[in-house]
Amino acid sequence: MNKFFALAFLLFSSTLAFSQKNKTKTIETSKPFVLGVIDEIQSKELNEKRILNIYLPEGYNPAEAIKYPVIYLLDGSAEEDFIHISGLVQFNSFEWINQVPKSIVVGIATVDRRRDFTFPTTVENDKTRFPTTGHSDQFIAFIEKELQPFIEKKYKTNDSKTIIGQSLGGLLGTEILLKKPALFNKYVIVSPSLWWNNGSLLDLDSEMLKENFKQSIEIYIAVGKEGLAPTAIPHVMEVDANLLAEKLKASKSKNVKTYFDYFPEENHGSILHTAVFNSFKFFYPKNKE
(Lines give C-alpha, C1' and ligand atoms only; values in the text may rest on other atoms or scores of the structure.)
Protein backbone atom coordinates (compact mmCIF):
# COMPACT_ATOMS: atom_id res chain seq x y z
CA MET A 1 0.00 0.00 0.00
CA ASN A 2 2.85 2.34 0.88
CA LYS A 3 4.43 1.59 -2.51
CA PHE A 4 1.16 2.57 -4.23
CA PHE A 5 1.03 5.94 -2.45
CA ALA A 6 4.72 6.56 -3.20
CA LEU A 7 4.16 5.83 -6.91
CA ALA A 8 1.06 8.04 -7.02
CA PHE A 9 2.97 10.89 -5.37
CA LEU A 10 5.79 10.61 -7.91
CA LEU A 11 3.34 10.66 -10.82
CA PHE A 12 1.55 13.71 -9.37
CA SER A 13 4.84 15.53 -8.77
CA SER A 14 6.02 14.81 -12.32
CA THR A 15 2.73 16.03 -13.80
CA LEU A 16 2.85 19.22 -11.69
CA ALA A 17 6.45 19.92 -12.68
CA PHE A 18 5.65 19.35 -16.38
CA SER A 19 2.63 21.65 -16.15
CA GLN A 20 4.70 24.39 -14.51
CA LYS A 21 7.39 24.08 -17.20
CA ASN A 22 4.72 24.45 -19.88
CA LYS A 23 3.35 27.58 -18.19
CA THR A 24 6.83 29.05 -17.97
CA LYS A 25 7.44 28.26 -21.61
CA THR A 26 4.16 29.94 -22.61
CA ILE A 27 5.07 33.11 -20.72
CA GLU A 28 8.53 33.18 -22.27
CA THR A 29 7.16 32.95 -25.81
CA SER A 30 4.64 35.78 -25.29
CA LYS A 31 5.59 39.05 -26.95
CA PRO A 32 4.22 42.59 -26.57
CA PHE A 33 1.98 43.86 -29.36
CA VAL A 34 3.66 47.03 -30.62
CA LEU A 35 1.45 49.59 -32.33
CA GLY A 36 3.91 52.44 -32.59
CA VAL A 37 6.78 54.35 -31.04
CA ILE A 38 6.70 56.53 -27.94
CA ASP A 39 8.87 59.59 -28.47
CA GLU A 40 9.57 62.68 -26.36
CA ILE A 41 10.32 66.28 -27.09
CA GLN A 42 11.52 68.90 -24.64
CA SER A 43 9.63 72.09 -25.41
CA LYS A 44 11.04 75.52 -24.64
CA GLU A 45 7.81 77.15 -25.80
CA LEU A 46 5.76 75.18 -23.26
CA ASN A 47 8.55 74.75 -20.70
CA GLU A 48 7.83 71.04 -20.35
CA LYS A 49 8.47 67.63 -21.86
CA ARG A 50 5.78 66.36 -24.23
CA ILE A 51 5.01 62.75 -25.08
CA LEU A 52 4.43 61.81 -28.72
CA ASN A 53 2.85 58.58 -29.89
CA ILE A 54 4.06 57.75 -33.38
CA TYR A 55 2.44 55.31 -35.80
CA LEU A 56 4.74 54.28 -38.64
CA PRO A 57 3.16 52.68 -41.71
CA GLU A 58 3.89 49.13 -42.82
CA GLY A 59 7.16 48.95 -44.70
CA TYR A 60 8.54 52.14 -43.18
CA ASN A 61 12.32 52.07 -43.47
CA PRO A 62 14.44 55.12 -42.60
CA ALA A 63 17.13 53.85 -44.95
CA GLU A 64 14.84 54.07 -47.98
CA ALA A 65 14.10 57.17 -50.04
CA ILE A 66 10.30 57.01 -49.79
CA LYS A 67 8.70 59.78 -47.73
CA TYR A 68 5.27 59.83 -46.10
CA PRO A 69 2.46 62.29 -45.31
CA VAL A 70 2.13 63.20 -41.63
CA ILE A 71 -1.13 63.34 -39.70
CA TYR A 72 -0.88 65.36 -36.48
CA LEU A 73 -3.49 64.25 -33.95
CA LEU A 74 -4.53 66.43 -31.03
CA ASP A 75 -5.67 64.46 -27.97
CA GLY A 76 -3.19 61.84 -29.12
CA SER A 77 -2.65 59.83 -25.94
CA ALA A 78 -3.10 56.04 -26.09
CA GLU A 79 -6.14 56.38 -23.82
CA GLU A 80 -7.55 59.17 -26.01
CA ASP A 81 -7.69 58.94 -29.82
CA PHE A 82 -4.31 57.63 -30.94
CA ILE A 83 -5.16 53.93 -31.22
CA HIS A 84 -8.43 54.15 -33.12
CA ILE A 85 -7.27 56.94 -35.47
CA SER A 86 -4.08 55.02 -36.28
CA GLY A 87 -6.30 52.03 -37.00
CA LEU A 88 -8.35 54.09 -39.45
CA VAL A 89 -5.19 55.24 -41.20
CA GLN A 90 -3.85 51.70 -41.41
CA PHE A 91 -7.16 50.29 -42.68
CA ASN A 92 -7.62 52.96 -45.33
CA SER A 93 -4.07 52.49 -46.58
CA PHE A 94 -4.43 48.72 -47.12
CA GLU A 95 -3.76 48.01 -50.80
CA TRP A 96 -7.24 46.49 -51.26
CA ILE A 97 -8.82 49.64 -49.79
CA ASN A 98 -6.34 52.21 -51.14
CA GLN A 99 -8.25 55.23 -49.85
CA VAL A 100 -5.29 57.10 -48.37
CA PRO A 101 -1.53 56.90 -48.90
CA LYS A 102 0.49 55.21 -46.20
CA SER A 103 1.03 57.88 -43.56
CA ILE A 104 2.77 58.66 -40.30
CA VAL A 105 0.49 59.53 -37.38
CA VAL A 106 1.85 61.81 -34.65
CA GLY A 107 -0.34 61.69 -31.56
CA ILE A 108 0.33 64.63 -29.25
CA ALA A 109 -0.44 63.40 -25.74
CA THR A 110 -2.59 65.78 -23.74
CA VAL A 111 -1.31 67.67 -20.69
CA ASP A 112 -3.86 70.47 -20.23
CA ARG A 113 -6.40 70.84 -23.05
CA ARG A 114 -7.95 74.04 -21.69
CA ARG A 115 -4.55 75.68 -21.41
CA ASP A 116 -3.21 74.55 -24.79
CA PHE A 117 -6.29 74.67 -27.01
CA THR A 118 -7.91 78.00 -26.02
CA PHE A 119 -7.05 81.65 -26.61
CA PRO A 120 -7.79 84.29 -23.93
CA THR A 121 -11.47 84.90 -23.22
CA THR A 122 -13.37 87.94 -22.03
CA VAL A 123 -16.05 85.76 -20.41
CA GLU A 124 -15.44 86.08 -16.67
CA ASN A 125 -17.32 82.91 -15.79
CA ASP A 126 -15.06 80.84 -18.07
CA LYS A 127 -11.97 82.47 -16.57
CA THR A 128 -13.17 81.37 -13.14
CA ARG A 129 -14.21 77.85 -14.18
CA PHE A 130 -11.05 77.21 -16.21
CA PRO A 131 -8.22 79.24 -14.65
CA THR A 132 -5.43 77.75 -16.81
CA THR A 133 -7.01 78.74 -20.14
CA GLY A 134 -5.78 81.13 -22.77
CA HIS A 135 -2.37 79.89 -23.91
CA SER A 136 -3.02 78.46 -27.36
CA ASP A 137 -0.46 80.90 -28.77
CA GLN A 138 2.29 79.00 -26.92
CA PHE A 139 0.98 75.65 -28.14
CA ILE A 140 0.81 76.88 -31.73
CA ALA A 141 4.39 78.13 -31.40
CA PHE A 142 5.35 74.68 -30.09
CA ILE A 143 3.81 73.04 -33.18
CA GLU A 144 5.40 75.47 -35.61
CA LYS A 145 8.86 75.99 -34.14
CA GLU A 146 9.54 72.69 -32.37
CA LEU A 147 7.21 69.80 -33.17
CA GLN A 148 7.07 69.97 -36.96
CA PRO A 149 10.86 70.51 -37.33
CA PHE A 150 11.46 67.63 -34.88
CA ILE A 151 9.24 65.22 -36.84
CA GLU A 152 10.60 66.31 -40.22
CA LYS A 153 14.18 65.84 -39.07
CA LYS A 154 13.70 62.47 -37.37
CA TYR A 155 11.20 60.75 -39.69
CA LYS A 156 10.79 60.31 -43.45
CA THR A 157 8.17 62.94 -44.21
CA ASN A 158 6.91 64.70 -47.32
CA ASP A 159 5.11 68.06 -47.60
CA SER A 160 1.62 66.76 -46.79
CA LYS A 161 0.60 67.79 -43.25
CA THR A 162 -2.84 67.13 -41.75
CA ILE A 163 -4.17 68.17 -38.36
CA ILE A 164 -7.10 66.47 -36.62
CA GLY A 165 -8.87 68.14 -33.71
CA GLN A 166 -12.22 67.68 -31.98
CA SER A 167 -14.12 69.90 -29.54
CA LEU A 168 -11.51 72.23 -27.98
CA GLY A 169 -9.08 70.57 -30.39
CA GLY A 170 -11.40 71.67 -33.20
CA LEU A 171 -11.30 75.19 -31.78
CA LEU A 172 -7.50 75.10 -31.91
CA GLY A 173 -7.55 73.69 -35.45
CA THR A 174 -9.81 76.57 -36.49
CA GLU A 175 -7.55 79.12 -34.82
CA ILE A 176 -4.49 77.74 -36.62
CA LEU A 177 -6.40 77.70 -39.92
CA LEU A 178 -7.41 81.35 -39.64
CA LYS A 179 -4.21 82.73 -38.10
CA LYS A 180 -1.46 80.49 -39.53
CA PRO A 181 -3.04 78.53 -42.38
CA ALA A 182 0.30 77.50 -43.91
CA LEU A 183 1.12 75.24 -40.95
CA PHE A 184 -1.01 72.48 -42.50
CA ASN A 185 -2.54 71.77 -45.87
CA LYS A 186 -5.33 69.51 -44.63
CA TYR A 187 -7.57 70.36 -41.68
CA VAL A 188 -10.01 67.97 -39.97
CA ILE A 189 -12.17 70.07 -37.65
CA VAL A 190 -14.75 68.05 -35.73
CA SER A 191 -17.41 69.47 -33.38
CA PRO A 192 -15.38 72.64 -32.81
CA SER A 193 -16.00 74.54 -29.59
CA LEU A 194 -16.57 77.81 -31.45
CA TRP A 195 -18.69 79.08 -28.56
CA TRP A 196 -15.45 79.97 -26.78
CA ASN A 197 -15.22 83.71 -26.04
CA ASN A 198 -18.77 84.16 -27.36
CA GLY A 199 -17.88 82.90 -30.82
CA SER A 200 -15.26 85.58 -31.51
CA LEU A 201 -13.26 83.28 -33.80
CA LEU A 202 -16.13 83.31 -36.30
CA ASP A 203 -15.59 87.05 -36.74
CA LEU A 204 -11.85 86.80 -37.33
CA ASP A 205 -10.51 87.86 -40.71
CA SER A 206 -7.85 85.72 -42.38
CA GLU A 207 -5.41 85.88 -45.28
CA MET A 208 -6.75 82.54 -46.54
CA LEU A 209 -10.08 84.20 -47.29
CA LYS A 210 -8.48 86.61 -49.76
CA GLU A 211 -8.12 86.19 -53.49
CA ASN A 212 -4.32 86.34 -53.49
CA PHE A 213 -3.93 83.40 -51.06
CA LYS A 214 -1.86 80.88 -53.03
CA GLN A 215 -1.41 77.82 -50.80
CA SER A 216 -3.66 74.86 -51.49
CA ILE A 217 -5.70 74.04 -48.38
CA GLU A 218 -8.45 71.48 -47.88
CA ILE A 219 -10.78 71.75 -44.88
CA TYR A 220 -13.18 69.11 -43.62
CA ILE A 221 -15.68 70.21 -40.97
CA ALA A 222 -18.03 67.78 -39.22
CA VAL A 223 -20.60 68.07 -36.46
CA GLY A 224 -23.16 65.75 -34.91
CA LYS A 225 -26.48 66.42 -33.25
CA GLU A 226 -24.99 68.22 -30.27
CA GLY A 227 -27.28 71.05 -29.30
CA LEU A 228 -26.55 73.92 -26.94
CA ALA A 229 -23.02 74.79 -25.87
CA PRO A 230 -22.20 75.48 -22.18
CA THR A 231 -22.55 79.25 -22.50
CA ALA A 232 -24.66 82.02 -20.98
CA ILE A 233 -25.32 83.45 -24.43
CA PRO A 234 -26.94 80.62 -26.43
CA HIS A 235 -24.72 78.86 -28.97
CA VAL A 236 -25.82 75.79 -30.90
CA MET A 237 -22.89 73.59 -31.89
CA GLU A 238 -24.38 72.62 -35.26
CA VAL A 239 -25.12 76.23 -36.14
CA ASP A 240 -21.64 77.45 -35.23
CA ALA A 241 -19.99 74.68 -37.25
CA ASN A 242 -22.16 75.51 -40.23
CA LEU A 243 -21.34 79.23 -39.90
CA LEU A 244 -17.64 78.36 -39.97
CA ALA A 245 -18.11 76.25 -43.09
CA GLU A 246 -20.01 79.04 -44.84
CA LYS A 247 -17.33 81.55 -43.86
CA LEU A 248 -14.61 79.35 -45.37
CA LYS A 249 -16.61 78.51 -48.48
CA ALA A 250 -16.88 82.25 -49.11
CA SER A 251 -13.10 82.50 -49.48
CA LYS A 252 -12.16 84.36 -52.64
CA SER A 253 -9.15 82.10 -53.13
CA LYS A 254 -9.57 79.23 -55.56
CA ASN A 255 -7.00 77.29 -53.54
CA VAL A 256 -9.24 76.83 -50.49
CA LYS A 257 -11.67 73.91 -50.56
CA THR A 258 -14.16 73.27 -47.76
CA TYR A 259 -16.51 70.37 -47.10
CA PHE A 260 -19.19 70.33 -44.39
CA ASP A 261 -20.51 67.04 -42.98
CA TYR A 262 -23.49 66.67 -40.65
CA PHE A 263 -24.11 63.45 -38.71
CA PRO A 264 -27.56 63.59 -37.05
CA GLU A 265 -27.11 60.10 -35.60
CA GLU A 266 -23.84 60.99 -33.82
CA ASN A 267 -23.23 63.12 -30.75
CA HIS A 268 -20.28 65.04 -29.33
CA GLY A 269 -18.75 61.88 -27.89
CA SER A 270 -19.28 59.50 -30.78
CA ILE A 271 -18.65 61.54 -33.91
CA LEU A 272 -14.85 61.59 -34.26
CA HIS A 273 -14.27 58.10 -35.67
CA THR A 274 -16.94 58.40 -38.36
CA ALA A 275 -15.90 61.94 -39.24
CA VAL A 276 -12.24 61.09 -39.73
CA PHE A 277 -13.22 58.10 -41.87
CA ASN A 278 -15.30 60.40 -44.08
CA SER A 279 -12.61 63.07 -44.23
CA PHE A 280 -10.32 60.63 -46.03
CA LYS A 281 -12.92 60.32 -48.80
CA PHE A 282 -12.94 64.11 -49.16
CA PHE A 283 -9.16 64.48 -49.18
CA TYR A 284 -8.50 61.48 -51.44
CA PRO A 285 -11.52 61.01 -53.75
CA LYS A 286 -11.49 57.90 -55.90
CA ASN A 287 -12.25 58.21 -59.57
CA LYS A 288 -15.65 56.73 -60.35
CA GLU A 289 -15.52 54.17 -63.10
Indicate every side-chain donor-acceptor pair of residues 53-70 with a distance under 3.5 Å to a residue at least two apart or in another chain.
unit_1, atom_1, unit_2, atom_2, d
Asn53, ND2, Gly76, O, 2.9
Tyr60, OH, Lys156, N, 3.0
Asn61, OD1, Ala63, N, 2.9

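For Asp112 and Thr132, the side-chain atoms include at least one donor-acceptor pair closer than 3.5 Å. In this structure, a donor-acceptor pair under 3.5 Å is present between the side chains of Thr110 and Glu80. Looking at Thr231 and Asn198, their side chains never bring a donor and an acceptor atom within 3.5 Å of each other.
Under 4.0 Å is where a charged nitrogen must lie from a carboxylate oxygen, and between Glu152 and Lys161 at least one such pair does. The existence of a salt bridge linking Glu207 and Lys210 is excluded, since no basic side-chain nitrogen approaches an acidic carboxylate oxygen closer than 4.0 Å. One finds no salt bridge joining Lys247 and Asp205 here, because no Lys/Arg side-chain nitrogen approaches an Asp/Glu carboxylate oxygen to under 4.0 Å. In summary, Lys225 and Glu238 do not engage in a salt bridge, as defined by a charged side-chain N under 4.0 Å from a carboxylate O. With salt bridges taken as basic N to acidic carboxylate O contacts below 4.0 Å, none links Glu218 and Lys257.
In summary, the aromatic rings of Phe283 and Phe280 are positioned with their centroids too far apart to meet the 6.0 Å limit. With ring centers used as reference points, Tyr187 lies 6.0 Å or more from Tyr220.
A cation-pi contact links Lys179 to Phe119, judged by a cut-off of 6.0 Å to the six-membered ring centre and 45° from its axis.
Judged by distance alone, with hydrogens and angles left aside, the side-chain atoms of Thr133 form a donor-acceptor pair with the main-chain N or O of Phe130 at under 3.5 Å. Remark: the backbone N or O of Ile71 is not paired with any side-chain donor or acceptor of Thr162 at under 3.5 angstrom. A donor-acceptor pair is defined here as one N or O able to donate and one able to accept, closer than 3.5 Å; such a pair exists between the side chain of Ser206 and the backbone of Met208. A distance-only check finds a donor-acceptor pair linking the side chain of Ser270 to the backbone of Asn267 [under 3.5 Å]. Checked by atom type and distance alone, the side chain of Gln215 pairs as donor or acceptor with a backbone atom of Phe184 at under 3.5 Å. In this structure, Glu226 contributes its side chain and Gly269 its backbone to no donor-acceptor pair below 3.5 Å. For the pair Asn197 (side chain) and Thr122 (backbone), a donor-acceptor distance under 3.5 Å is present. Remark: the backbone N or O of Pro101 is paired with a side-chain donor or acceptor of Ser103 at under 3.5 angstrom. No donor-acceptor pair under 3.5 Å is formed between the side chain of Glu48 and the backbone N or O of Ser43. Here the side chain of Asn255 pairs a donor or acceptor atom with the backbone of Phe213 at under 3.5 angstrom.
Distance check: Arg115 CZ to Leu168 CG gives 13.5 Å after rounding to the nearest 0.5 Å. Rounded to the nearest 0.5 angstrom, Leu183 CG and Glu144 CD are separated by 5.0 Å. Put simply, CD1 on Ile221 and CG on Asp240 are 11.5 Å apart, with the number rounded to the nearest 0.5 Å.
Under the 4.5 Å side-chain criterion, counting only non-hydrogen atoms from C-beta, Leu202 is in contact with Leu244.
Minimum heavy-atom separation, Ala78 to Ile83: O-CD1, 3.6 Å.
Atom CD of Glu211 sits in a sparse spot, with 12 or fewer heavy atoms from other residues, nucleotides or ligands closer than 6.0 Å. Heavy atoms from other residues, nucleotides or ligands lying under 6.0 Å from NZ of Lys127 number more than 12.
None of Asp116, Thr118, Val111 except one satisfies the side chain to side chain contact (heavy atoms under 4.5 Å, CB included) rule with Phe139; the exception is Asp116.
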